[in-house]
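The next block holds one structure in the form of structure tokens; read it before the comments.
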Amino acid sequence: MAKPLIRSIKGTHDILPDQSWRWQQIENTVRDFMRRFGYREIRTPVFERTELFARGVGQETDIVSKEMYSFVDKSGNNLTLKPEVTASVIRAYLQHNLGRQSPMTKLYYLDRAFRQERPQAGRYRQHHQFGVEAIGSPHPETDAEVISIAYGILKELGLSELELRLNSIGSQNSRTNYRRALKAFLKPHLPKLTETSRRRFDTNPLRILDTKVPHEIEILKDAPILTDYLTPEDAEHFEAVKTLLQTLGIPFVLDSSLVRGLDYYTRTTFEITSSGLGAQNALCGGGRYDNLVETLGGKQTPAIGFAAGMERVLLALESDTDKTPPETIDLYFVCLDEYARPTVMKLTNKLRSLGFSVETDLLRRSLKAQLREANRLHARMALIVGETEFQNQTVQVKDLTTAEQKSVNWDSLVDYISRLNFNSE
RNA sequence: GUGGGCGUAGCUCAGUUGGUUAGAGCAUCUGGUUGUGGCCCAGAAGGUCGUGGGUUCAAAUCCCAUCGCUCACCCCA
């Protein structure tokens, strides 16, 4: 009767020491990139009032209507593990009046999101994202800056085979025009459409463009194109974004079917995909959301942002290269004598406080076992204290690459080690 | 929610048409003379063959169920 093991929740994963160094690498790159672009970190709680997402992301979206982890707490509050982070960031922006401090607010985050979908390659129930929100400017330079951050980070992380897909879904007026045209076009085809598409015909016809059903894609080939229905202002904005991207040397392809599943988007939408990622090939998605701040109770404030999926970045990187972690330590302190242990601990901590990475044996194992361990950890030097050394107050310092060994007094050990140059590999 | 594939040691996998003590490599541990790592050699430890039923003299192997993992649809990071 073995006790049943408790496993991690489906669609969630432990990040073990073998992998965590990769995550740190990405996080460091992101943070440094954001610093250079002048974005400051914001951290928001893992859960929020359910209403925030219902209002912000949109009641009709799949995310809100069927994928959220929602629950009622002991006080009767309706709460939800955040399924995306933009709504939380804007909530915080409004709650703390960040817009009053300066007319332009540039924020970034490293966070997690939760959605109860069926897991598959590149899609998990808990996933990690990094992203930015640039709040306050309606101008195309902001769009270009945000896109260039997304593109730049992915490039800097070492990804190739990237494709930036770009579209404009226009403002409210453009979409009203287009919706009318699209519905007129689709009406005669209605009987041939799938049930979901027929439902969307009434609730959200633009989402029909997202279909992956072959015969629907065929029908939609002749559908009116949204960018043809943009108001002059929206068209001008879109042109400016494209020109800026060209100036910045960022290649893109136009994709008029790029609608995206969150209701708050306006004007510019974009996605960066990576080939060789399987079905979930979007590394990053984002766009402008000029009405969200107002929807959440603030005054009309234009904004744009993106979110990138860290798990997918990792997947894409692995198919690119497979580097091994650069794990190595400076010193391994071998102790063979029971009475010497306190002294060895003291010297070890002394060296650690000076910045050296030092390991010691915690299992009271044999000399042979300890040296084997030192070797496995790729220690540069082994320090050995046995009965003789303890009595003489010395340490054997052994270079593990050359096997040379030297006796050094306790008093001069720190000096001796400090003089060694560990940094020249 | 719908479909496909897969579940044998920590990891990667063998396992003949059901047949007796279920194997290998890597990793781990201990030794190869008394206090010196890597390479090599020897040995050890580690598995209720995902779980539960069924068929059979006999099941890792066949059947059913269940759970888990995985991929795709859908959706999106």
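Within every chain, numbering begins at 1; the chains are lettered A, B, ... in the order of the sequence lines, protein sequences first and strands thereafter. Quantities reported herein were computed from a predicted structural model and do not represent experimental measurements.
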Does A/Glu271 reach a base, just sugar-phosphate, or nothing at all? Heavy atoms under 4.0 Å.
nothing
Taking atom P in both B/rG46 and B/rG10, compute the distance separating them and give it to the nearest angstrom.
11 Å
Select base, sugar-phosphate, or nothing to describe what A/Gln405 touches, counting heavy atoms under 4.0 Å on all strands.
base
Nearest to the A/Gln120 side chain among B/rG35, B/rC74, B/rG37, which nucleotide is it?
B/rC74
Donor-acceptor pair present, A/Lys398 side chain and B/rU36 base, under 3.5 Å:
yes
Of all the choices, B/rC29, B/rU36, B/rA72, which nucleotide is nearest to the side chain of A/Leu371 once you look at every atom?
B/rU36
State, without any angle test, whether A/Tyr124 and A/Glu117 hold a side-chain donor-acceptor pair at a distance under 3.5 Å.
no
Determine the contact category for A/Arg365: base if any of its heavy atoms lies under 4.0 Å from a base atom, sugar-phosphate if only primed atoms, P, OP1 or OP2 are that close, otherwise nothing.
sugar-phosphate
If you assign A/Ala307 and A/Glu404 each to the RNA chain B nucleotide with the nearest heavy atom, which residue ends up on the more 5' nucleotide?
A/Glu404
Given that both distances must come in under 3.5 Å, which nucleotide forms a Watson-Crick or G-U wobble pair with B/rG3?
B/rC71
Would you mind classifying the nucleic acid contact of A/Ala121 as base, sugar-phosphate or nothing, using non-hydrogen atoms under 4.0 angstrom?
sugar-phosphate
To the nearest 0.5 Å, tell me how far A/Asn375 CG sits from A/Gln370 CD.
13.5 Å
Can A/Arg36 be said to sit on top of A/Phe33's aromatic six-ring, NZ or CZ under 6.0 Å from centre and within 45° of the ring axis?
yes
Between P on B/rC76 and OH on A/Tyr124, what's the gap in Å once rounded to a whole number?
18 Å
Please find the pair of heavy atoms, one from A/Arg115 and one from A/Pro83, that lie closest to each other, and give the distance.
NE-O, 2.7 Å
Considering only B/rC73, B/rG37, B/rG35, which nucleotide approaches the side chain of A/Asn375 most closely?
B/rG37
At less than 3.5 Å, do the side-chain atoms of A/Arg312 and the base atoms of B/rC76 form a donor-acceptor pair?
yes
So if I take residues 7-16 of chain A and measure heavy-atom distances to RNA chain B, which residues fall below 4.0 Å?
A/Arg7, A/Lys10, A/His13
Ion pair A/Arg288/A/Asp143, N-O distance below 4.0 Å:
yes
Quick note, A/Ile63 side chain, CB onward, closest among B/rA72, B/rU30, B/rC76 is B/rC76
How many whole angstroms separate atom CD1 of A/Ile208 from atom P of B/rC75?
12 Å
Any strand counts, and the cut-off is 3.5 Å on both contacts for Watson-Crick or G-U wobble. Which nucleotide pairs with B/rG10?
B/rC26
Looking at every strand, decide which applies to A/Ala379 at a 4.0 Å heavy-atom threshold: base, sugar-phosphate, or nothing.
nothing
Between B/rC75, B/rU30, B/rC71, spot the one nearest the side chain of A/Ala369, thanks.
B/rU30
Do the side chain of A/Asn409 and the main chain of A/Asp411 share a donor and acceptor less than 3.5 angstrom apart?
no
Any salt bridge linking A/Lys82 with A/Glu48? Criterion: basic side-chain nitrogen under 4.0 Å from a carboxylate oxygen.
no
Nearest-angstrom distance, P atom, B/rG53 to B/rA60
14 Å
Can you tell me the Watson-Crick or wobble partner of B/rA45, both distances under 3.5 angstrom?
none
Just checking A/Arg376: base, sugar-phosphate only, or nothing, at a heavy-atom cut-off of under 4.0 Å?
sugar-phosphate
At under 4.0 Å between heavy atoms, what does A/Phe306 touch on the DNA or RNA strands: base, sugar-phosphate, or nothing?
nothing
Looking at A/Val358, A/Val397, A/Thr348, which one forms a side-chain contact (heavy atoms from CB on, under 4.5 Å) with A/Leu331?
A/Val358
When all nucleic acid strands are considered with a 4.0 Å heavy-atom cut-off, which category describes A/Gly122: base, sugar-phosphate, or nothing?
base
Does the cation-pi check pass for A/Lys242 over A/Phe238, that is, NZ or CZ under 6.0 Å from the six-membered ring centre and within 45° of its axis?
yes
Could you state the CD-P distance from A/Glu311 to B/rC76, rounded to the nearest angstrom?
18 Å
OP1 or OP2 of B/rC71 sitting under 4.0 Å from any side-chain N/O of A/Arg123?
no
Identified pairing partner of B/rG38, criterion: Watson-Crick or G-U wobble below 3.5 Å
none
Looking for any heavy atom pair under 4.0 Å, which part of the strands does A/Leu283 touch: base, sugar-phosphate only, or nothing?
sugar-phosphate
A/Leu367 has a side chain; which of B/rC29, B/rC75, B/rU36 sits nearest to it?
B/rU36
Using a cut-off of 4.0 Å on non-hydrogen atoms, how would the nucleic acid contact of A/Glu389 be classed: base, sugar-phosphate, or nothing?
base
Nearest to the side chain of A/Gln280, heavy atoms from C-beta on, is which of B/rG1, B/rU30, B/rC74?
B/rC74
Classify the side-chain pair A/Glu67/A/Gln116 by whether it contains a donor and acceptor separated by less than 3.5 Å.
no
Whom does B/rA65 pair with, Watson-Crick or G-U wobble, provided both distances fall under 3.5 Å?
B/rU51
Per A/Ala403 side chain, nearest of listed nucleotides B/rA72, B/rC76, B/rG37
B/rG37
Of all the choices, B/rA72, B/rG37, B/rC75, which nucleotide is nearest to the side chain of A/Glu117 once you look at every atom?
B/rC75
Write down the distance between CE (A/Met310) and C1' (B/rC76), rounded to a whole number of angstrom.
17 Å
